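Only one structure is covered here, and it is reproduced in the block below.
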Amino acid sequence: MRQESIILNLHGVGTPDRQLEPGEARYWLSVEQFRDIVSIAASMRDKVACQFTIDDSNMSDATIAGPHLAEMGFSTQIFVLTDRIGQRGSLDRSALFDLMAMGHTIGSHGHAHRDWKRLREDQLVEEIHAPQQRLQDLTGQCVTAAGLPFGGYNRRVLAEARRAGFERIYSSDGGTARERAWPIARTSLRRDMSPGEMRALFDPEGIFQSLKRRIKGEIKKRL
Ligand SMILES: [Zn+2]
């Protein structure tokens with residue numbers, strides 16, 4: 001049987017050191033919750049291939065999440081908002097290099113944390129291309145992946161991301177992940193998830209639910 005594959009998406013871990021956006025607090029995990037989910041992922045390795053990504057470039061990526069994930073053998077995509085680089089509570093240039101030294105990869109989450117599917121054409125081009133270039137200049141690495149802000153996409157977003165030369169883009173549609181999907185589905189972890197709910201993400205019985213989500217994703221692509 002084919003091994004299931006899932007991608008779990010993190011945001012902040014621990015206590016934020018900046019003003020949160022409305023509705024954002026529910027995506028911040030406690031340190032204990034974070035360590036629990038990483039332990040579950042490590043213990044399930046032979047049954048479910050799990051990868052982690054982290055959105056929003058909070059400083060906790062470099063101080064808490066990145067070091068622990070590396071220690072547990074998970075290389076992670078870190079999706080950075082270029083507008084926040086060096087701002088209080090967010091990753092700065094040296095933290096980006098620390099994360100790369102730990103074996104993680106830097107990707108784009110856009111510039112100003114705006115939902116790409118709601119932007120005008122010129123704004124969309126700006127949010128997709130400029131941050132990618134800035135991150136490449138800053139890190140000296142090719143930036144080939146993007147985490148869609150708020151998981152939002154439509155046909156225009158998918159086409160513009162292709163034009164920018166991204167090899168992978170990641171939604172927040174939930175369910176199982178397929179390597180060549182465009183976008184690749186991720187599941188966002190939330191503070192209100194119980195340990196049981198987190199464990200259930202690794203349950204092969206969840207495939208049916210994931211299929212339903214995939215159909216929903218196909219509809220979104222046509223909007
Ligand atoms: Zn975000």
Side-chain angles (χ1 to χ4, degrees), residues 6-30 33-34 37 51-66 69 76-92 95-96 99 104-119 123-135 138-139 143-154 156-158 160-161 164 166 168-175 177 182-193 201 213 217 220:
I6 58 170
I7 302 175
L8 300 181
N9 189 34
L10 294 155
H11 294 80
V13 179
T15 309
D17 192 19
R18 62 171 174 81
Q19 186 83 41
L20 295 186
E21 295 179 4
E24 188 189 344
R26 66 199 296 251
Y27 295 105
W28 277 72
L29 301 190
S30 69
Q33 277 180 311
F34 162 69
I37 191 76
Q51 293 172 51
F52 289 89
T53 61
I54 317 181
D55 283 3
D56 296 354
S57 47
N58 292 296
M59 192 45 109
S60 60
D61 298 5
T63 54
I64 305 172
L69 285 163
T76 305
Q77 292 267 5
I78 313 279
F79 293 120
V80 173
L81 287 163
T82 51
D83 192 33
R84 291 193 190 162
I85 295 172
Q87 302 279 328
R88 185 185 170 134
S90 295
L91 297 175
D92 55 19
L96 292 180
L99 286 161
H104 304 306
T105 308
I106 304 302
S108 176
H109 197 46
H111 181 64
H113 214 217
R114 299 196 287 177
D115 185 342
W116 291 357
K117 72 177 184 298
R118 296 179 193 279
L119 300 179
Q123 296 170 320
L124 179 64
V125 169
E126 191 62 22
E127 274 289 327
I128 290 183
H129 294 262
Q132 181 191 25
Q133 190 58 52
R134 166 122 193 256
L135 288 168
L138 208 62
T139 62
V143 171
T144 58
L148 296 164
F150 310 100
Y153 63 90
N154 56 21
R156 279 189 321 133
V157 169
L158 298 181
E160 200 55 50
F166 286 116
R168 292 183 178 79
I169 54 171
Y170 295 85
S171 73
S172 305
D173 286 343
W182 186 264
I184 301 173
R186 304 181 293 179
T187 299
S188 288
L189 298 171
R190 297 186 320 268
R191 198 180 189 88
D192 64 3
M193 284 176 159
L201 298 172
R213 286 195 201 92
K220 271 201 221 173

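Because only heavy atoms are used, hydrogens play no part in the values below, and waters and symmetry mates are left out as well, while side chains stay in. Values in this document were obtained by computation on a predicted structure and should not be read as measured data. Numbering of ligands and ligand atoms starts at 1, following listing order.
- Distance check for Asp55 against the Zn ion (ligand 1): none of its N/O/S atoms falls below 2.8 Å.
- Looking only at N/O/S atoms, Asp56 comes nearest to the Zn ion (ligand 1) through OD1.
- Proximity of Ile54 to Leu69: side-chain heavy atoms (C-beta onward) are separated by under 4.5 Å at one or more points.
- Ion pairing between Glu24 and Arg18 holds under the 4.0 Å rule for side-chain N and carboxylate O.
- Draw a line from the Zn ion (ligand 1) to NE2 of His113 and another to NE2 of His109, and the angle between them is 110° (to 10°).
- When only modelled atom types and interatomic distance are considered, His113 and Asp56 share a side-chain donor-acceptor pair under 3.5 Å.
- Distance OG1/Thr187 to CG/Leu8: 6.0 Å, rounded to 0.5 Å.
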